[in-house]
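The structure under discussion appears below in the form of structure tokens.
For this chain, numbers begin at 1 and follow the sequence in order.
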Amino acid sequence: MKIEITEILSIDSTDIDPNITCTGCKACCCKLEVILISDTGVPEEYIGEDQWGGEVMKRLDDGWCIAVDRETLMCTIYENRPWVCREFEMGSYECVEERQQM
């Protein structure tokens with residue numbers, strides 16, 4: 001089952017900018033390094049190793065997360081996505097910061 005990026009993120013914080021949505025985004029959050037800090041069932045073929053030996057989501061040569069379908073911008077492992085992806089909130093401070101760097 002594929003879920004749109006907009007469905008990945010829950011909005012329940014007063015610090016969220018309601019004017020920002022994933023709809024017009026180029027998925028900049030899907031270009032961040034994702035450190036795997038808990039077991040969510042990410043398939044082994046999506047897991048790489050960082051320079052310190054920690055587990056991270058693999059990324060393609062252009063920096064995009066290997067689990068993102070580039071045509072639909074949907075997560076192909078949504079049910080098993082990393083903890084960080086579950087917590088990253090659309091319109092949050094972190095989201096706004098990443099958008100400004102694009």
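A distance of 9.0 Å separates CG in Asn80 from CG in Asp39, rounded to the nearest 0.5 Å. Within the model, atoms SG of Cys65 and CG of Leu60 stand 8.0 Å from one another, a figure rounded to the nearest 0.5 Å.
Counting only residues at least two apart or in different chains, side chain to side chain donor-acceptor pair (under 3.5 Å) contacts with residues 54-63 comprise Asp62-Arg70.
Across all non-hydrogen atoms, the minimal contact from Met57 to Ile77 is CE-CD1, 3.8 Å. Leu36 and Val42 get closest at one heavy-atom pair: CD2-CG2, 4.3 Å.
Residues Thr76 and Tyr46 form a side-chain contact, since some pair of their non-hydrogen atoms from C-beta on lies under 4.5 Å apart. Side-chain contact check for Thr40 versus Arg86: some heavy-atom pair is nearer than 4.5 Å.
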